[in-house]
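Remarks on the structure that follows.
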Amino acid sequence: MSERPSALVLAGSRDEGDPLARAQGVRHRALLRVAGVPMLLRVVRALQQTEGVGQLYVSIDDPDALGDVPELAERVAAGELAVHRSLSSPSRSVLDLLEQLGESTPVLVTTADHALLSPQIVRRFLDAAEASAADLLGGLVERSVIEARFPESTRTYLRLRD
């Protein structure tokens with residue numbers, strides 16, 4: 001991966017809306033606050049602070065919601081954050097952006113609710129991607145690691161083998 005990867009943050013929402021967002025008085029799940037900072041803003045900051053990350057995109061079904069967070073609106077206005085209107089599913093949104101960018105542009109995809117994302121995590125993933133000959137990589141954390149650190153956490157786990 002010699003070219004700097006673009007980064008896509010998936011910030012779509014379900015058709016029925018999000019009860020937690022409604023309960024916290026925000027119009028979009030991605031704007032839920034964690035320790036006082038909207039989740040989407042935390043992810044955008046982590047990506048923009050990571051050396052080697054190129055253009056940053058946010059795929060969101062309600063682009064006007066970005067105006068609710070002045071720092072996000074400023075980044076959009078400055079061209080530091082490009083807006084992609086999300087499609088009917090996360091996979092369709094990713095495919096749409098990949099088609100727009102062309103097959104030679106590497107893209108790192110994450111989600112707006114990845115509130116603990118840090119530049120160190122992103123850099124580690126990108127370094128592993130650089131060392132790999134793979135066309136597609138996924139970053140996962142083993143269940144035992146999560147449960148050791150957050151034993152009370154309720155999560156959905158994927159079962160992978162071989």
Side-chain angles (χ1 to χ4, degrees), residues 3-126 129 135-141 146 150 153-158:
E3 184 180 347
R4 286 176 26 164
S6 294
L8 172 62
V9 181
L10 297 173
S13 60
R14 295 188 169 113
D15 289 338
E16 65 274 5
D18 186 271
L20 190 55
R22 282 193 301 273
Q24 289 197 8
V26 296
R27 68 168 149 169
H28 202 284
R29 178 181 183 85
L31 303 182
L32 288 171
R33 295 180 177 272
V34 173
V37 179
M39 290 188 300
L40 176 57
L41 181 56
R42 288 174 163 276
V43 173
V44 166
R45 285 176 177 169
L47 291 166
Q48 289 187 320
Q49 292 169 7
T50 303
E51 183 180 336
V53 173
Q55 179 62 49
L56 182 55
Y57 297 85
V58 62
S59 184
I60 189 166
D61 53 302
D62 182 8
D64 292 338
L66 299 176
D68 294 353
V69 180
E71 187 175 331
L72 290 173
E74 290 168 12
R75 289 174 191 240
V76 170
E80 298 171 9
L81 179 61
V83 179
H84 172 270
R85 184 175 289 275
S86 60
L87 300 181
S88 60
S89 71
S91 59
R92 285 190 173 106
S93 297
V94 171
L95 179 59
D96 185 59
L97 184 70
L98 291 174
E99 288 174 342
Q100 290 177 37
L101 296 178
E103 64 184 53
S104 65
T105 303
V107 178
L108 169 70
V109 180
T110 190
T111 57
D113 62 354
H114 198 329
L116 299 179
L117 188 67
S118 68
Q120 295 80 12
I121 293 170
V122 177
R123 188 69 255 155
R124 183 173 177 192
F125 184 84
L126 293 177
D135 291 329
L136 178 69
L137 292 148
L140 303 171
V141 177
I146 293 172
F150 305 102
S153 176
T154 302
R155 311 287 315 159
T156 299
Y157 295 99
L158 302 173

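When side chains are defined from C-beta on, V107 does not count as touching Y57, because their heavy atoms never get closer than 4.5 Å. No side-chain heavy atom of L97 sits under 4.5 Å from any side-chain heavy atom of V109.
Applying the side-chain hydrogen bond (donor to acceptor under 3.5 Å, both in side chains) rule to S59 yields the partners H84; only residues at least two apart in sequence or on another chain are considered. For R29, the salt bridge (charged side-chain N to carboxylate O under 4.0 Å, His left out) criterion is met by D18, not counting sequence neighbours. In this structure, R85 has no side-chain hydrogen bond (donor to acceptor under 3.5 Å, both in side chains) partners at least two apart in sequence or on a different chain. Under the side-chain hydrogen bond (donor to acceptor under 3.5 Å, both in side chains) criterion, R92 pairs with S88, sequence neighbours left out. Residues passing the salt bridge (charged side-chain N to carboxylate O under 4.0 Å, His left out) test with D68, sequence neighbours excluded: R27. Applying the side-chain hydrogen bond (donor to acceptor under 3.5 Å, both in side chains) test to D62 and every residue at least two apart in sequence or in another chain returns nothing. Under the rule for a side chain to side chain contact (heavy atoms under 4.5 Å, CB included), the partners of E74 that lie at least two apart in sequence or sit in another chain are P70. Partners of A73 under the side chain to side chain contact (heavy atoms under 4.5 Å, CB included) rule, at least two apart in sequence or in another chain, do not exist in this structure.
Pairs engaging residues 35-46 under the salt bridge (charged side-chain N to carboxylate O under 4.0 Å, His left out) rule: R45-E71 [sequence neighbours left out]. Evaluation of the salt bridge (charged side-chain N to carboxylate O under 4.0 Å, His left out) test over residues 103-114, restricted to residues two or more places apart or in two chains, returns none.
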* Asked: Stepwise, does the side-chain contact (heavy atoms from CB on, under 4.5 Å) test hold for H28 with D61?
  -> CA-CA 9 Å; H28 202 284; D61 53 302; 2.8 Å; yes
* To do: Apply side-chain contact (heavy atoms from CB on, under 4.5 Å) to the pair V58 and V76, showing each step before the final yes or no.
  => CA-CA 10 Å; V58 62; V76 170; 5.7 Å; no
* Could you give me the CA-CA distance, side-chain angles and deciding distance for Y157 and I146, then say whether side-chain contact (heavy atoms from CB on, under 4.5 Å) is met? => CA-CA 10 Å; Y157 295 99; I146 293 172; 3.7 Å; yes
* To do: Evaluate side-chain contact (heavy atoms from CB on, under 4.5 Å) for L40 paired with V69, printing each intermediate quantity in order.
  => CA-CA 10 Å; L40 176 57; V69 180; over 6 Å; no
Atom pairs and distances, donor-acceptor, side-chain atoms in residues 117-125, under 3.5 Å, two or more places apart:
| residue | atom | partner | partner atom | Å |
| --- | --- | --- | --- | --- |
| S118 | OG | Q120 | N | 3.4 |
| S118 | OG | Q120 | OE1 | 3.2 |
| S118 | OG | I121 | N | 3.2 |
| R123 | NE | D127 | OD1 | 3.0 |
| R123 | NH1 | E51 | O | 2.4 |
| R123 | NH2 | D127 | OD1 | 2.9 |

With a 3.5 Å cut-off and sequence neighbours excluded, list the donor-acceptor pairs that the side chains of residues 30-39 form with protein atoms.
| residue | atom | partner | partner atom | Å |
| --- | --- | --- | --- | --- |
| R33 | NH1 | G36 | O | 2.6 |

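Rounding to the nearest 0.5 Å places CD1 of I60 at 4.5 Å from CG of L66. The OG1 atom of T110 sits 8.0 Å away from atom CG of L10, with the distance rounded to the nearest 0.5 Å. Rounding to the nearest 0.5 Å gives a distance of 10.0 Å between CD of Q100 and CG of L95. Note: L72 CG to E80 CD = 11.0 Å, rounded to the nearest 0.5 Å.
Listed for the S93 side chain is a donor-acceptor partner under 3.5 Å among the backbone atoms of L87.
In this structure, V53 and L47 approach most closely via the heavy-atom pair CB-O, 3.7 Å.
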